[in-house]
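For reference, the structure is listed below as structure tokens.
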Amino acid sequence: MFERSGDLWGLALSKQMRAEWLILDGQLELALRLNDESTELMRQITSAWDLQQQQGSSIGILARLGRIDEAIARAESQLASAKAIGSSRAVVLGEAAIAMLHLSLGDADAAEPHLAELDSAIAEWPGVPLQLISMTDAARAGYARLRGDLEAAGDLLRSAADSAVASGDHPIMAMVALAVGTLAIDRGDLPDARRALALAVLLRGAPDPHDPTEAGLREALGLTATSPVPALESGETGLDREAAAAALAQILRR
């Protein structure tokens with residue numbers, strides 16, 4: 001319908017939304033194609049900030065496909081474009097995307113300079129969206145965890161959870177829940193890791209077994225990509241976002 005009417009914005013958005021559904025359905029190649037088509041449409045009509053958000057989705061799809069070199073190359077290209085444009089907001093997204101990609105691959109050394117640049121770029125942006133604050137704290141937590149500082153990682157994830165809940169953004173809350181589960185694995189607490197995975201699936205609305213973080217958590221728990229997620233405790237399946245945050249905080253306090 002959007003294509004027939006010539007509405008580029010609507011067409012780009014509809015392709016992006018379909019791509020997001022396809023990711024969760026496991027149709028990753030088609031999701032990548034549609035997301036790239038959406039990006040090319042967005043390039044004609046939108047700001048560097050919006051374009052960076054769109055391009056970040058393709059990086060995530062490439063990582064899910066195991067095309068890591070392509071994902072890193074695209075993230076670096078995206079960041080270079082943001083710096084060339086001179087948009088501090090686009091730079092924040094670019095630095096966050098590449099830092100989180102390296103952290104999801106367990107490469108703290110590669111992520112470190114991007115986290116430093118992220119701190120500098122985000123300081124230039126008054127009124128940073130809560131989602132980005134949450135993502136930044138989660139990235140810092142991932143770095144601390146990889147360096148073996150589990151206490152600092154827990155503190156940063158508490159902050160990330162608070163910002164995610166305040167934003168009302170369920171996918172961001174699901175991202176934090178996966179990070180909480182990964183930290184629980186490092187602490188040797190498999191029950192809390194299983195609960196965090198279940199919370200992530202509940203908040204997102206579906207499992208995402210091809211996501212590198214969820215895939216790593218599943219592997220640590222002895223679950224395959226097709227294994228059903230562990231059930232939450234009785235009475236928790238109807239959690240609202242505030243209750244989900246309380247559940248995350250409870251895990252982090254242990």
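Treat the numbers as computed from the prediction; the structure is a model and nothing was measured.
Across every non-hydrogen atom of I61 and L28, the tightest pair is CG2-O, 3.5 Å. A99 and L115 make their closest contact through CB-CD2, 3.9 Å (heavy atoms, listed as atom of the first residue, atom of the second, distance). When all heavy atoms of I23 and R64 are compared, the pair lying nearest together is CG2-NE, 3.4 Å. When every heavy atom of A12 is checked against every heavy atom of S38, the shortest pair comes out as O-OG, 2.6 Å. Nearest heavy-atom pair across L118 and V92 is CD1-O, 3.5 Å. When all heavy atoms of A193 and A184 are compared, the pair lying nearest together is N-CB, 3.7 Å.
In this structure, the side-chain contact (heavy atoms from CB on, under 4.5 Å) partners of Q131, at least two apart in sequence or on a different chain, are P129, S167, D169, I172. Here E76 pairs with I72, I98 under the side-chain contact (heavy atoms from CB on, under 4.5 Å) rule; sequence neighbours left out. Here D119 pairs with R140 under the salt bridge (Lys or Arg N to Asp or Glu O under 4.0 Å) rule; sequence neighbours left out. Take E29 and apply the salt bridge (Lys or Arg N to Asp or Glu O under 4.0 Å) test, not counting sequence neighbours, and it matches R67. By the side chain to side chain donor-acceptor pair (under 3.5 Å) test, H102 is found to be paired with no residue, residues two or more places apart in sequence or in another chain being considered. Checked against salt bridge (Lys or Arg N to Asp or Glu O under 4.0 Å), E95 has the following partners two or more places apart in sequence or in another chain: K83.
The pair D189-R194 fails the salt-bridge criterion, with no side-chain N (NZ, NE, NH1 or NH2) lying under 4.0 Å from an Asp/Glu carboxylate O. Checked for salt-bridge contact, E214 and R204 meet the test: a charged N lies under 4.0 Å from a carboxylate O. Ion pairing between R195 and D192 fails under the 4.0 Å rule for side-chain N and carboxylate O.
Taking OG of S104 as the start and CE of M100 as the end, the distance is 8.5 Å to the nearest 0.5 Å. In this structure, CZ on R18 lies 12.5 Å from CG on N35, to the nearest 0.5 angstrom. To the nearest 0.5 Å, atom CZ of residue R145 and atom CG of residue D186 are 4.5 Å apart. One finds the CG atom of D109 at 7.0 Å from the OH atom of Y143 (value rounded to the nearest 0.5 Å). The CD atom of Q27 sits 9.5 Å away from atom CG of L34, with the distance rounded to the nearest 0.5 Å. Of the inter-residue distances, the one linking L156 atom CG with D137 atom CG reads 5.5 Å to the nearest 0.5 angstrom.
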Requested in this report: Decide yes or no on salt bridge (charged side-chain N to carboxylate O under 4.0 Å, His left out) for E20 and K15, but give the supporting numbers first.
Outcome: CA-CA 9 Å; E20 290 173 359; K15 285 178 179 288; over 6 Å; no
Query raised in the report: Yes or no on side chain to side chain contact (heavy atoms under 4.5 Å, CB included) for V165 and L130, after CA distance, side-chain angles and deciding distance?
Result: CA-CA 9 Å; V165 173; L130 289 167; over 6 Å; no
Query - salt bridge (charged side-chain N to carboxylate O under 4.0 Å, His left out) assessment of R74 paired with D36 - result: CA-CA 12 Å; R74 190 173 293 206; D36 284 348; 2.7 Å; yes
Report task. Could you check L221 against I185 for side chain to side chain contact (heavy atoms under 4.5 Å, CB included), going step by step and ending with a plain yes or no? Result -> CA-CA 8 Å; L221 291 170; I185 291 292; 4.0 Å; yes
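Contact of the E117 side chain with the E112 side chain is not registered, since no non-hydrogen atoms from C-beta on lie closer than 4.5 Å. In this structure, the side chains of T39 and M42 stay at 4.5 Å or more apart for every pair of heavy atoms. Between S58 and L32, the closest side-chain pair of non-hydrogen atoms falls below 4.5 Å. Side-chain contact between E37 and Q16 is absent, with no heavy atoms from C-beta onward closer than 4.5 Å. At least one side-chain heavy atom of W125 sits under 4.5 Å from a side-chain heavy atom of L132. For the pair H114/L79, a side-chain contact is recorded, criterion being any heavy-atom separation below 4.5 Å from C-beta on.
At distances below 3.5 Å, at least one donor-acceptor pair connects side-chain atoms of D211 with backbone N or O atoms of T213. The main-chain N or O of L178 is found under 3.5 Å from a side-chain atom of T182 such that the two form a donor-acceptor pair. Put simply, the side chain of S81 gets close to the backbone of S77: a donor and an acceptor are under 3.5 Å apart. One N or O on the side chain of S14 and one on the backbone of L11 form a donor-acceptor pair closer than 3.5 Å.
In the hydrophobic clustering of ILVMFWY residues, with side-chain heavy atoms under 4.5 Å counting as a link, M135 and L157 come out together. Follow the hydrophobic side-chain contacts under 4.5 Å out from L65 and you never reach I59; the two are in separate clusters. In terms of hydrophobic clustering, with Ile, Leu, Val, Met, Phe, Trp and Tyr side chains grouped at heavy-atom distances under 4.5 Å, L93 and M175 are assigned to a common cluster. Hydrophobic clustering places V176 together with L150 (ILVMFWY residues linked when any side-chain heavy atoms are closer than 4.5 Å, directly or through intermediates). A chain of hydrophobic side-chain contacts below 4.5 Å, direct or via other Ile, Leu, Val, Met, Phe, Trp or Tyr residues, connects F2 to L8.
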